[in-house]
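A quick write-up on the structure given underneath.
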Amino acid sequence: MSRYEEAKKLYAAYGIDTDAAIAKLKNIPVSLHCWQGDDVQGFDSKDALSGGIMTTGNYPGKATTPDELMADMEKVISLCPGKAKLNLHACYAIFEDGEFVDRDKLEPKHFKKWVNFAKKHNMGIDFNPTFFSHPMVKDGLTLSSPDESVRNFWIEHGKACIRISQYFAEETGVPCVMNIWTGDGFKDIPADRLGPRMRYKDSILEILSEPFDKKLVKPSVESKVFGIGVESFTAGSAEFALSLAATTDGCIPLMDNGHYHPQEYVSDKISALLCFYPELALHITRGVRWDSDHVLLFDDETREIAKEIVRNDALDRVYMALDYFDASINRISAWTVGFRSWQKALLQAMCLPNAELKKLQDEGKFTELMVKQEEAKMLPFGDVWEEYCKTCGVVAGPEWFEEVKQYEQDVLSKRNS
Ligand code: RNT
Ligand code: ZN
């Protein structure tokens, strides 16, 4: 009997069907962010990354052209089990033949190559307007700026992104989540908090007045507690984003687990939002002491988040996107470790005796609940993971890193970046 066959029997004794879990997970999309590949630089400007976010490190070999970035993503996809969805930022527009337009004038044609790439890999596309790293960010503000010309520029950008999102959905046949995040905020104590928030609200509503098909485009708003250089005030706080989503038809709240105080857990927040919102979105990341966007690992909170989605039967209500960027290590490896970690977290959540544990809780058997939760951790999950990877045609063990090393030697080391 193979190790998987034995493991399957052990799981079956708990009433867990590992074959079914494997078959299900294969078809669940997880958004793979393009921005791990080039430290959130994009192709439309040489401006340094700004907006309260930061990459650190200068590991050689980052992608600097669309072809390089696509080749790198292709490598990552080939090393990961499961179903990826492409997550793009507007700053990754591809201009051809010397053309250039600013962000307020972007059109679907500037993303045609990305659509071809997505189609080649049978992926849907998610999208993000890029409200940072740009000269029109004035005094750290975009959609909430007191300067009307600044606001209008960014509103036009947002509307252009709605049209592009609709184009993505029409081309791929998969709904596009369009996430609005700005770093708008102040370094020090503001004299007026309401003004920027009212302007931010009005600007987002103005963007969403652009006509779109609600079945195809899913706008979301991402909140944040603070950013580097904007420690005192963030316009798009948690209360702001949740209230906006709650009162705006078709708008989804997005929680990034790096965007809360360190003792607040998104794993605890998911069920709260599921009580009220038909759908929600996540940015899955790993903050170390702050919103540092370290590579996602198969750690406790990552697993707890996955459990909350799986055991609440919410896989079709939660849009899952990865959001981290480490420039200090091989970027292909960073991307791959994160994607594989989330796959592991989901698969393991599907292979827990969730119904039995819930019953123990409802019966008030808390001693037994603790014992069983701890014992379930010892089930031979590695064998199920191996089987999952095998059926997806990728290696389960650390051998995938050999391929990354080879790619580094053959491709990355030849780049001038
Ligand atoms: C920043 C937000 C945001 C970005 C991406 C690049 O704190 O998390 O989602 O990481 O849009
Ligand atoms: Zn995020």
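Start at 1 and go down the list; that is how both ligands and their atoms are numbered. For the numbers below, each heavy atom of this structure counts, side chains included, while hydrogens, waters and symmetry mates do not.
For Asp39 (side chain) and Gln41 (main-chain N/O), no donor-acceptor pair under 3.5 Å exists by modelled atom type. Side chain of Glu156 to main chain of Lys105: no donor-acceptor pair is present (N/O by atom type, distance under 3.5 Å, no hydrogens or angles).
Looking only at side-chain heavy atoms (C-beta outward), Lys269 and Tyr260 come within less than 4.5 Å of each other. Between Val225 and Thr234, the closest side-chain pair of non-hydrogen atoms is not below 4.5 Å. Taking 4.5 Å as the limit, some side-chain heavy atom of Lys344 sits within range of a side-chain heavy atom of Phe381.
Between Phe168 and Trp114, the gap from one ring centroid to the other reaches at least 6.0 Å.
Of all protein heavy atoms, the one lying nearest to atom 9 (O) of ligand 1 is Glu222 OE1, 2.8 Å. Ranking the protein heavy atoms by distance from atom 4 (C) of ligand 1 puts Asp323 OD2, 3.6 Å first. Scanning the protein for heavy atoms near atom 1 (C) of ligand 1, the closest one is Ile53 CG2, 3.3 Å. The single protein non-hydrogen atom nearest to atom 5 (C) of ligand 1 is His89 NE2, 3.5 Å, given as residue, atom name and distance.
Results of the salt bridge (charged side-chain N to carboxylate O under 4.0 Å, His left out) test with Lys109 over Glu99, Glu96, Glu171 single out Glu99 as the only residue that passes. Here the rule is side-chain contact (heavy atoms from CB on, under 4.5 Å) with Leu282, and of Leu322, Asp256, Val266, Leu254 only Val266 fits it.
In Glu222, the N, O or S atom that comes nearest to the Zn ion (ligand 2) is OE2. The nearest N/O/S atom of Asp323 to the Zn ion (ligand 2) is OD2. Note on Asp256: its N/O/S atom closest to the Zn ion (ligand 2) is OD2.
The Zn ion (ligand 2) has an N, O or S atom of His283 closer than 2.8 Å. Among the backbone and side-chain atoms of Asp293, no N/O/S atom is found under 2.8 Å from the Zn ion (ligand 2).
The distance criterion of under 3.5 Å between nitrogen or oxygen atoms is met by Lys224 with respect to ligand 1. Between Asp256 and ligand 1, at least one N/O pair is under 3.5 Å apart. Considering both main-chain and side-chain atoms, His259 comes within under 3.5 Å of ligand 1 through a nitrogen or oxygen pair.
With ligand atoms numbered from 1 in the order given, ligand 1 contributes 9 (O) to contacts under 4.0 Å with heavy atoms of His283. For ligand 1, the atoms lying closer than 4.0 Å to a non-hydrogen atom of Phe325 are 10 (O).
Only side-chain heavy atoms of Asp291 come within less than 4.0 Å of ligand 1; its backbone N, CA, C and O stay farther off.
Ring geometry for Phe186 versus Phe233: interplanar angle under 30°, hence parallel rather than tilted (30 to 60°).
Summarising the local packing, CG of Asp139 is surrounded by 12 or fewer heavy atoms from other residues, nucleotides or ligands at distances under 6.0 Å.
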